[in-house]
Asker: 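Supplied in structure tokens, the structure appears directly below.
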Amino acid sequence: MKSEKLFELASRYMPGGVSSPVRAYKPYPFFTGHAKGSKIYDVDGREYIDYCLAYGPLVLGHGNEEVKTAVREQLEEGWLYGTPHEKEIELAKKIIAHYPSVEMLRFVNTGSEATMAGIRLARGFKERDKIVKIEGGFHGAHDGVLVKAGSGATTFGIPDSKGIPKDSVKNTLQIPFNDAPALADMLEKNSGEVAAVIIEPVMGNVGPIPPQDNYLSAVREITQENDVLLILDEVITGFRLALGGAQEFYGIDADLTILGKIVGGGFPIGVFGGRRELMELVSPSGAVYQAGTFSGNPVSVTAGLKTIEVLERERVPQRINKLGEIMRAALNEIMSDSGVGGYVSGVGSMFKVFFSPSGKAVKNYADALECDKNKYMALFHKMLDSGVFLPPSQFETNFISFAHTDEDIRRTIEAYEENLGCT
Ligand SMILES: *Cc1c(COP(=O)(O)O)cnc(C)c1O
């Protein structure tokens, strides 16, 4: 096995042999040789239908030809200027057209950077220090939000990282998802001290957990009543649930919107944006400092622009959401026929089998933590043997891309059927 040997080598030079924690799993992760469309190929020549999709950005699948051509053309013009360029305006206009709550925005390089700057801006605007986040919510790997954080932090049982000064998180308050009264209580108790609530509209980093009916509109109302900003972290949901993200899908708005992943078309990007009066506080027009060498780089911007163009033209969210429905319906049937205890969660093109006790519904972080991680990893390995690559954690979301064919979906359902033990 080439992958096994490479992992041994990688582990000598990089902690855990990987560049980001969730990529590591036992006994060793496969190393990728190449990827195209809905498929990813390991260095040993095996093909997998990919539902990990680099954890979200690849809404068009791997190696989309239109994006590739656009990026190639851009490379001919140079790949980093350190000056403004015209495509930034085009991408900004596109984003603003789909997100009515966004009037101005700033490009950064990652989702982490965008939430960090968004939180700083909210604090600067309100001149208050506290923020409220959701237990299990993941907003990147920076100090202020690495408390009860999802993603790799949950997978590896270190939701509260070492090395973070107590002072950096003392202003981060936590509440459970899908519990509007808990938010109202928290804001009342900390009246006049909270700058913002930051929330993933669909929890995406403890597995997908959709908001219950009216939860998000209640969050919007409660933040407004308490004069607190609402930061919607749409790094996953943006341009996926709908072109206008969760804001369009659920009919809500935000004071600040965070985007990432899809908006860079598979290249590094992050975006924070909102009302003009807020955004004008960002340097150099205002006193909230934010900067970055690679920000707005023409390659990411070009890939993002082309990706959004394809999303619009092909009505991609409709297509992938439909496939998501088919997948969840089939999985529900398989789960009930097989008698495997568990719960099928998700919305739109996101889905997950949770091994929850007695098939209990998973509606927040505490529920997710009750799920059987070992059972999930057993399923993960069986699916891999069947040629299907799911994210290697109970707490990560399965994504469907525009490159996934009806045949891919059929084969995947068959693999689940076999591996959940009802054939
Ligand atoms: C992935 C993710 C981030 C962090 O984005 P990076 O580009 O990995 O820094 C932030 N918020 C959410 C909801 C995410 O899923």
Side-chain angles (χ1 to χ4, degrees), residues 18-23 51-59 106-120 122 131 133-155 159 161 172 177 196-211 216 219 230-241 245-247 249-250 254 256-273 290 292 294-297 299-301 303-304 307 346-350 352 365 368 391 393 395-399:
V18 291
S19 297
S20 191
V22 280
R23 297 176 197 172
Y51 292 93
C52 186
L53 289 169
Y55 299 88
L58 301 173
V59 70
R106 159 112 354 135
F107 293 113
V108 295
N109 302 290
T110 62
S112 300
E113 224 186 307
T115 61
M116 191 168 74
I119 290 169
R120 181 180 302 152
I131 57 162
K133 81 174 266 292
I134 302 293
E135 292 170 1
F138 184 73
H139 307 291
H142 54 92
D143 286 6
V145 290
L146 266 186
V147 211
K148 291 197 183 175
S151 190
T154 296
T155 303
S161 169
T172 307
F177 193 59
V197 175
I198 183 164
I199 182 170
E200 294 172 81
V202 174
M203 290 194 85
N205 290 278
V206 285
I209 305 180
L216 292 175
V219 167
L230 176 60
I231 307 177
L232 276 187
D233 183 346
E234 295 228 45
V235 169
I236 284 183
T237 51
F239 290 99
R240 176 173 288 280
L241 273 184
Q247 297 178 51
F249 193 83
Y250 292 111
L256 282 174
T257 297
I258 310 292
L259 296 166
K261 297 195 170 128
I262 288 175
V263 230
F267 290 80
I269 206 165
V271 173
F272 65 101
Q290 193 288 322
F294 296 101
S295 297
N297 79 78
V299 177
S300 296
V301 168
T307 297
V347 59
S349 58
M350 300 179 265
K352 191 81 181 182
Y365 180 56
S393 164
F395 308 113
E396 295 287 346
T397 292
N398 299 338
F399 295 103

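Every number for a ligand or one of its atoms is a count from 1 in the order of the listing. The model shown is predicted, which means the values in this text are computed figures rather than measured ones.
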Asker: Going through the distances and angles, do Thr397 and Lys352 end up as a side chain to side chain contact (heavy atoms under 4.5 Å, CB included)?
Answerer: CA-CA 6 Å; Thr397 292; Lys352 191 81 181 182; 5.9 Å; no
Asker: Using a 4.0 Å cut-off on heavy atoms, what residues surround ligand 1? Order them by chain and number.
Answerer: Thr110, Gly111, Ser112, Phe138, His139, Gly140, Glu200, Asn205, Asp233, Val235, Ile236, Lys261
Asker: At what distance, to the nearest 0.5 angstrom, does CG of Leu216 lie from CG of Leu230?
Answerer: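 If we round to the nearest 0.5 Å, Leu216:CG and Leu230:CG are 8.5 Å apart.
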Asker: When rounded to the nearest 0.5 angstrom, what distance separates CD1 in Ile262 from CD in Glu234?
Answerer: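 Reported to 0.5 Å precision, the distance equals 10.5 Å.
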Asker: Test of understanding: with side chain to side chain donor-acceptor pair (under 3.5 Å), list the residues that count as partners of Glu135, not counting sequence neighbours.
Answerer: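 Partners of Glu135 under the side chain to side chain donor-acceptor pair (under 3.5 Å) test: none.
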Asker: Once you round to the nearest 0.5 Å, how far does NZ of Lys148 lie from CD1 of Ile134?
Answerer: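 Rounded to the nearest 0.5 Å, the NZ-CD1 separation comes out at 11.5 Å.
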Asker: Give the C-alpha distance, both sets of side-chain angles, the deciding distance and a yes or no for side chain to side chain contact (heavy atoms under 4.5 Å, CB included) between Glu396 and Cys52.
Answerer: CA-CA 8 Å; Glu396 295 287 346; Cys52 186; over 6 Å; no
